[in-house]
Number of protein chains: 2
Amino acid sequence: MNHSVSHTKINTLSNVHSIDRNDFIIRNCEKLFNIGDRLSGIYRINSGSVKLYRSNEAGQEQILGFYTAGDIFGLDALSDGKSQSSATILETSNISLIPFNTLLKRENSGDYKIFMQQVGINHNRDIDHTMMLLHCSAGRRLAWFFIKFSDNLSKRGYRADEFTLPMTRKDIALYLGVAAETLSRVFARFCAKGFIRIIGHQRSIKILEIDVLRNMINRDD
Amino acid sequence: MNHSVSHTKINTLSNVHSIDRNDFIIRNCEKLFNIGDRLSGIYRINSGSVKLYRSNEAGQEQILGFYTAGDIFGLDALSDGKSQSSATILETSNISLIPFNTLLKRENSGDYKIFMQQVGINHNRDIDHTMMLLHCSAGRRLAWFFIKFSDNLSKRGYRADEFTLPMTRKDIALYLGVAAETLSRVFARFCAKGFIRIIGHQRSIKILEIDVLRNMINRDD
DNA sequence: CGGCTTGTTGACAGTGATCAATTGTTGTGG
DNA sequence: CCACAACAATTGATCACTGTCAACAAGCCG
């Protein structure tokens, strides 16, 4: 396995690289861990993307979050060491495992501070997700999703108006808490109104009216 | 101000008491902090209860969580020191402020570990909330709420089948992501079906069929 | 080519949001 | 102690949104 794979360019949080890493993982579209697995640390994505989810009793997945370069995940194992969610890689990714021991040892107080900030950032993002779920209609949910995805790209220095989604429609639907059919209809509506355009086939999106979408999160169109 | 107020009995997490506290706060039904406030640390509840919320653009609160004895909150200030939510005390409470400096200094690795576990526990509870919002009907949402509240009480050694809710119906509705009117109807339905009984007036609840409620979270009744 | 997954579209019914009115509760001041 | 106001909670009627079921189109991979 080649550990010297080039990293995706990260503008923010590049300082997090100073955290010790005892392990390196590079995989392609496979499961990283399962519910109940004992995690030995916290994961950080250097490149690629991951979905974090749980399955309910009906066997249906419920997606808790999508993570991309620079993000950390696996915090749900902090309480007792066992993960309460599953993680699957959406595309070929480069992921570090930061062992709990490294975090607990903390010979370097700077790393610790950065780690705590990352925990806070993750927490804020989860709150955004929750806020969206608490009161948004299907249209607002998709607008919210596009804005968050776009803003995330632009923070990393990529094009914010044209991108390829790494996840399926169903994954998005499960993340936004709407039926896949409803989501598909909202996609169609956004296209008809000229807010977005679906370029190649399905996954490639061009945002035409980003301000309209941004306003829609709060006010209805 | 009397700092030797007797603590509510806490069975779990009593060891967290070892974390240094640089401040002690005792207040009655008032606001603890606002969105945008710079927090100097993390709060821990010794007794009483608190609601954490944000306001959307329409000026409507959205409740992110209720916290009771033993809980910590204020993690949304970890990223940049400024809180992204507001906190209001629901009843007379005894609350500690654990300064960031204490956490960052960490002369005692045991405290640090316990703190990290608390972060994980908080995170897991937020995930539960999110999971509920992602797919539950109004009936399931209230059942979920009762079960979580009841389980929390029994973990602390209190009666799990009879309790007084510290929050209003509207607060519950905003936490569960349903309209207050809808919630009221579900309350009425639960009473009619004999799942619960409202004892004194409104806030005092007796759970009659806890197993039915517990099953309802997954399966529809 | 044929099976499988992914995504779209249609029809329909049910849940729950909204608006409005009423009742119950709490707190204040005369 | 009562009257009043402000708030909390309930109840009713209506209707839009969205979940569900179903059929179909479109890619993808063997």
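Keep in mind that what you see is a predicted model, and the values were worked out from it rather than measured. Naming convention: chains lettered A, B, ... in sequence-line order (proteins, then strands); numbering from 1 in each chain.
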Legend entry - Listed partners of Gln202(B) passing side chain to side chain contact (heavy atoms under 4.5 Å, CB included), at least two apart: Arg169(B)
Inset, instruction - Before accepting this row, confirm whether a basic side-chain N of the pair Lys170(A)/Glu61(A) lies closer than 4.0 Å to the acidic partner's carboxylate O. - result: no
Inset, instruction - Say whether, by atom type as modelled, one donor and one acceptor occur between the side chain of Arg44(A) and the main chain of Gly70(A) under 3.5 angstrom. - result: no
Inset, instruction - Quick one, give me the B/S/- string for nucleotides 14-22 of chain C, reading 5' to 3', where B means a protein heavy atom under 4.0 Å from the base and S means that only happens at the primed atoms, P, OP1 or OP2. - result: --SBBBB--
Would you list the protein and nucleotides 24-27 of chain C atom pairs, both N or O, that sit under 3.5 Å from each other?
unit_1, atom_1, unit_2, atom_2, d
dT25(C), OP1, His201(B), ND1, 2.3
dT25(C), OP1, His201(B), NE2, 3.3

Inset, instruction - Please check if the distance between the ring centroids of Tyr43(A) and Phe33(A) is under 6.0 Å. - result: yes
Side chains of residues 206-213 of chain A: which donor-acceptor partners sit under 3.5 Å, not counting sequence neighbours?
unit_1, atom_1, unit_2, atom_2, d
Lys206(A), NZ, Asp161(A), OD2, 3.3

Legend entry - Degree of bending, the helix from dC1(C)-dG30(D) to dG30(C)-dC1(D) (end axes from five pairs; round to 10°): 40°
Inset, instruction - Tell me, yes or no, whether the heavy-atom count around Arg197(A) atom CZ, taken from other residues, nucleotides or ligands under 6.0 Å, exceeds 12. - result: no
Inset, instruction - For this output row, return yes or no: ring centroids of Phe66(A) and Tyr53(A) closer than 6.0 angstrom. - result: no
Inset, instruction - Measure the spacing between CD1 of Ile198(B) and CG of Leu165(B) and express it to the nearest 0.5 Å. - result: 9.0 Å
Inset, instruction - Tell me what Arg203(A) touches on the nucleic acid: a base, only sugar-phosphate, or nothing, going by heavy atoms under 4.0 Å. - result: sugar-phosphate
Inset, instruction - Specify whether Trp144(B) and His129(B) have parallel, tilted or perpendicular ring planes, treating 30° as the upper limit for parallel and 60° as the lower limit for perpendicular. - result: parallel
Legend entry - Approximate separation, where rounding is to 0.5 Å, of Thr130(A) OG1 and Arg54(B) CZ: 9.0 Å
Legend entry - Salt bridge Asp151(B)-Arg125(B), side-chain N to carboxylate O under 4.0 Å: no
Inset, instruction - Would you check if the distance from the ring center of Phe163(A) to the ring center of Tyr158(A) is below 6.0 Å? - result: no
Legend entry - Spacing between Glu61(A) atom CD and dT6(C) atom P, to the nearest angstrom: 10 Å
Legend entry - Lys/Arg N to Asp/Glu carboxylate O, Lys82(A) vs Asp76(A), below 4.0 Å: no
Legend entry - Outermost nucleotides of DNA chain D that come under 4.0 Å of a non-hydrogen atom of chain B: dA9(D) to dA13(D)
